Amino acid sequence: MTRGRRDDRLPRVRSGTPAPGGAAAPGAVGAPDAPSSPLDPAALRDALLDWFASNGRSLPGRDDRDPWHVLVVEVMSQQTQIDRSLAAAATFCAAFPTPSALAAASPGEVLRAWAGLGYNRRALALRAAARAMVERHGGRVPDDLASLLALPGVGPYTARAVAARAFGATVMPVDVNVRRVLGRVLDDPRPARVQALGDLLARSADGRPGAIADALMDLAAGTCRAREPACTACPLSAWCGWRASGAAVAGRAEQGSVPRGSALPGSGSRRPALRAPGSPVSGPAGALPFPRTRRWLRGQLLRELREAPPGAWSTVEGPRGTHDHAAVRETIATLAREGFVELDEVGRARLAED
DNA sequence: AATACGGGGTT
DNA sequence: AACCCAGTATT
């Protein structure tokens, strides 16, 4: 791994944190450690939706509630910016308007439609999910969490996103944004806590849990940013335990109280690299330059095969960049094993046709 | 708990 | 050039 470094994990913080409902006494004037408002879900929801009405981003396609469209957007948006996902999903769904249409397509066709999005295994997983929906759900996107979770490529986030956005289920899709905002409100990033508050908000959402999710995500994108959050502009500041704790103002203060890698710290959370100044970027213990990684090679080979005429066999001979012939053949074999590629008798390759 | 998995956009 | 991104599956 050389590129995506530092997915911020959420190590346990301290053990004794207040429950959501009891975070603070109403109007706790003399308590600098407590939010100035108790954590009433309905009040928090109203603040969120009011803010969203005038400050939410306008993202074409976001309000589409069609289950298939929602599923495609959510799978694409895994580790991919939402505006790009929405645009790509529109094109993709024009080519594959239903789960059945995608289920009937070859891996190669799907991979070509996926071009530019990265994480290509998501494309194969989505196709596999489409096949499962044809097989088990009459060609429809299932509407319950358990069935959604059973689909390939659908995890805790995506399952809840589809359930909430397409079917109005009162569950919160917790992504990096929701985790940050609600983790700060609670001053506690533990996933179970964040999920519980999220679900509480979803249940108070009066049939539109997706709107709450959108509000939280837009808030995270522009105001409750990872670094230097604009707390003075935040509709939730009255409820925010993290801000009340002083961490937001103190910035890098209390480094010891904030877990390494936590998504919670705001300004001042940047840490200098451990690497000594002047030492090579890729020392013995350092990351490889990206073009030297297997990841890069996979991307190159997949791009070559995607750009070849559909159905045509390609002779794939090394080297590619710093990767020798053996590495190239090994990677092609891996891609074949994983279902991206098929090989003929003489070792030529093409994107899989079935 | 760690690691693999992409590619494009932003700063 | 580093950092970020509506995560998931596998080890």
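If you're wondering where the values come from, they're calculated on a predicted model, not measured in any experiment. Below, chains carry the letters A, B, ... as their sequence lines are ordered, and counting in each starts from 1.
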Just by distance, do the side chain of A/Arg122 and the backbone of A/Leu117 share a donor-acceptor pair under 3.5 Å? yes
Can a donor-acceptor pair be found, under 3.5 Å and without considering hydrogens, that links the side chain of A/Ser237 to the backbone of A/Ala233? no
I need the CD-C1' distance between A/Glu228 and B/dT11, as an integer number of Å. 12 Å
Comparing A/Val73 with A/Arg121, nearest DNA chain C nucleotide closer to 5' gives the residue A/Val73
C/dA6 and B/dT11, which share atom name P, separated by this distance in whole Å: 13 Å
Exercise: identify the closest heavy-atom pair between A/Arg180 and A/Ala220: NH2-O, 2.9 Å
Considering every strand and a 4.0 Å limit on heavy-atom distances, what is the contact class for A/Leu302: base, sugar-phosphate, or nothing? nothing
Which listed nucleotide (C/dC3, C/dA6, C/dT8) is nearest to the side chain of A/Pro156? C/dT8
Could you check whether A/Val154 gets within reach of a base, just the sugar-phosphate, or nothing at all, counting any heavy atom under 4.0 Å? sugar-phosphate
Of the residues in residues 75-88 of chain A, which ones touch DNA chain B at a heavy-atom distance under 4.0 Å? A/Gln79, A/Thr80, A/Gln81, A/Arg84
If you look at every strand shown and take non-hydrogen atoms under 4.0 Å, does A/Arg165 touch a base, only sugar-phosphate, or nothing? base
Considering only atom C1', compute the distance from B/dG9 to C/dT8 and round it to an integer number of Å. 23 Å
Base, sugar-phosphate, or nothing: which does A/Arg160 touch, judged by heavy atoms less than 4.0 Å apart? nothing
Do the charged groups of A/Glu307 and A/Arg303 touch, with an N to O distance under 4.0 Å? yes
Once you round it to whole Å, what is the distance between P of C/dC5 and CG of A/Leu117? 18 Å
Students often get this wrong, so: under 4.0 angstrom with heavy atoms, is A/Asn120 touching a base, only sugar-phosphate, or nothing? sugar-phosphate
Check this for me: does any side-chain nitrogen of one of A/Asp214 and A/Arg165 sit under 4.0 Å from a carboxylate oxygen of the other? yes
Under a single-linkage definition using a 4.5 Å side-chain heavy-atom cutoff for Ile, Leu, Val, Met, Phe, Trp and Tyr, are A/Tyr157 and A/Val141 assigned to the same hydrophobic cluster? no
To the nearest Å, how far apart are A/Glu338 CD and C/dT8 C1'? 14 Å
Look at the side-chain N and O atoms of A/Arg227 and state whether any lies under 4.0 Å from the OP1 or OP2 oxygen of C/dC4. yes
Which residue in the set A/Val75, A/Val73, A/Leu148 passes side-chain contact (heavy atoms from CB on, under 4.5 Å) when paired with A/Thr158? A/Val75
Which whole-number value in Å describes the distance from A/Leu219 CG to C/dA6 C1'? 15 Å
Whole-angstrom distance between C/dC5 and B/dG6, as gauged at atom C1': 11 Å
Pick base, sugar-phosphate or nothing for A/Gly118, based on heavy-atom distances below 4.0 Å to the nucleic acid. base
Below the 4.0 Å mark, does C/dT8 have OP1 or OP2 next to a side-chain nitrogen or oxygen of A/Arg122? no
Measure CG/A/Leu126 against P/C/dG7 and give the value in whole Å, please. 16 Å
Can the ring centres of A/Trp114 and A/Tyr119 be said to be less than 6.0 Å apart? no
In this structure, how many angstroms lie between the P atom of B/dG7 and the CG atom of A/Leu301, rounded? 11 Å
How close or far is atom C1' of C/dG7 from atom OH of A/Tyr119, stated in whole angstroms? 8 Å
For A/Leu149 and A/Asp175, find the nucleotide of DNA chain C closest to each by heavy atoms; which residue's nucleotide sits nearer the 5' end? A/Asp175
Length of the CZ-C1' vector between A/Arg295 and B/dT3, whole Å: 10 Å
